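Inspection log for the structure reproduced underneath, given as structure tokens.
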There are 2 protein chains.
Amino acid sequence: MSLSHAILGFLSKQPQTGYTLKNEHFDKSVAYFWPADQTQIYKTLDKLVEQGFATSKIEYQSDRPNRKVYSITKQGKVELERWLGEAIEPPMYRDPLLVQLFFSEFSDSETMINVLKSSRAKHEAVLQALKAVDLPVAAKCTDYEDLAARLTLELGLKSKQAYIEWFDEAITAISAFDKKRKRAAKAR
Amino acid sequence: MSLSHAILGFLSKQPQTGYTLKNEHFDKSVAYFWPADQTQIYKTLDKLVEQGFATSKIEYQSDRPNRKVYSITKQGKVELERWLGEAIEPPMYRDPLLVQLFFSEFSDSETMINVLKSSRAKHEAVLQALKAVDLPVAAKCTDYEDLAARLTLELGLKSKQAYIEWFDEAITAISAFDKKRKRAAKAR
DNA sequence: GAGAGCATGTAAGAGGTTACATGATTCC
DNA sequence: GGAATCATGTAACCTCTTACATGCTCTC
């Protein structure tokens, strides 16, 4: 399970709480390829402690709620390293849009084109957000950490660009098919 | 939920059983963008009947197990059409590989490169499988059904190609970084 | 006085996977 | 004799999401 290992990764950088994991880490650096829910982060932290991969200490605070600070254990480090070398099966990507397209014969091409356009806009917005991320290009990275982050970003950019090219081709192809069909209907 | 609607789509083409849905449809046409588990197909069929979107009739067979043939209802057709026009949020893609890459500073670059190479090979295999699918190019489709199927395939091809280009760039970038680092260490 | 920030949690549910059970027939 | 095909299901589990609860402090 990747969430456990992502948490172990962040705890390797420094001991911290579920709250900071969520707000300072998951919602920032890895959000675009591994978003994590607050509830699940807390549950997973519990599990990591059970498994002996992390320990927690309560830090009492007077003016704010107490914090539970988690640290990675030796066992946790071993487990993280093991997992980092594991060849994991690429996950299946399920996109409802493709299901809609596949069965769009039961709707009509105009509706389908609108659905495609609206989806294209959403992907475009994500692409723009990714483009706005401020990280040096791979060749200019001096830290390995930056290089790794840059490369994850790069895949996001490439995938989104591929998607957007595809949207344009798909919309054009469906429009063209539609015109052809209308011309044929007129000729009869 | 897309599985329900994919089933409604297949039932629109013709009434059939859970068994044929799995073996003749899900495992073939839509397998690469919406694989479905047998157990879940049966569960979802029950749910569709409950919701009034499908009905079932038992067909008694003497030499083989009885079959439960499902048909879409009017309500089901209305629901499918409604869903086909819905603008659905693009799903989040979570790839453990990117988590591994992001935290690869806690392993070593050689290990990471091996993980990348092994993943690349798996993606390459899928790409080859997609290339082997026999469907006319979009411009030559005479049926709308073929066009829709072709376009879903096209996205798969494009995405995989983008992935593979990225793999090559990522592997090159990490190797280059590594050489630079080793040269710097030597110079000291 | 309202809302944001800090901080941790419970309960319930949706969607998907894995393992297992049954039992006849047909093909090698 | 063993495997594949036909055909439907149950039980248990994992991951993730949504809604809700608590309560103090600081800022507008």
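The sequence lines fix the lettering, A, B, ..., with proteins before strands; numbering per chain opens at 1. Remember, predicted model here, so these are calculated numbers, not experimental data. FYI, side chains are in, hydrogens and waters are out, and symmetry mates aren't considered; it's all heavy atoms of this structure.
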- Can you find a side chain N or O atom of B:Q61 that sits less than 4.0 Å from OP1 or OP2 on D:dA7? yes

Ignoring backbone atoms, establish whether B:Q40 has a side-chain N or O less than 4.0 Å from OP1 or OP2 of C:dG16. yes

Tell me which nucleotide among [options] gets nearest to the side chain of [X].
X     : options               : answer
B:R64 : D:dG23, D:dC6, D:dT17 : D:dC6
A:K68 : C:dT8, D:dT15, D:dT17 : C:dT8
A:Y42 : D:dA19, D:dG9, C:dT8  : C:dT8
A:K47 : C:dT18, D:dT15, D:dC6 : D:dT15
B:T39 : D:dT10, D:dT8, C:dG16 : D:dT10
A:Y19 : D:dT10, C:dA7, C:dT10 : C:dA7
A:K43 : C:dT8, D:dT17, C:dT18 : D:dT17
B:Q38 : D:dG9, D:dC6, C:dG16  : D:dG9

The residue, B:V69 or A:D63, whose nearest nucleotide of DNA chain D is more 5′ is B:V69

Nearest-nucleotide check on DNA chain D, B:N66 vs B:R94; residue mapping nearer the 5' end is B:N66

Write down the distance between [atom1] ([X]) and [atom2] ([N]), rounded to a whole number of angstrom.
X     : N      : atom1 : atom2 : value
B:E50 : C:dA14 : CD    : P     : 11 Å
A:I7  : D:dT15 : CD1   : C1'   : 13 Å
B:Y60 : D:dC6  : OH    : C1'   : 18 Å
B:M1  : D:dT17 : CE    : P     : 16 Å
A:L48 : D:dC14 : CG    : P     : 14 Å
B:E24 : D:dA7  : CD    : P     : 9 Å
B:H25 : D:dA7  : NE2   : P     : 13 Å
A:D27 : D:dT17 : CG    : P     : 12 Å

Relative to each other, are the rings of [X] and [Y] parallel, tilted or perpendicular (30° and 60° limits)?
X      : Y      : result
A:Y163 : B:Y93  : tilted
A:F167 : A:H123 : tilted
B:F177 : A:Y144 : perpendicular

Problem - Base C:dT8 to side chain A:T17, donor-acceptor N/O within 3.5 Å cut-off - result: no

*Taking 4.0 angstrom as the limit, do B:R120 and B:E124 come out as a salt bridge?*
yes

For the backbone of A:S104 and the side chain of A:S107, can you confirm whether one donor and one acceptor N or O come within less than 3.5 Å of each other? no

Check your understanding: Is there a donor-acceptor pair under 3.5 Å between the side chain of A:E169 and the backbone N or O of A:I164?
Key -> no

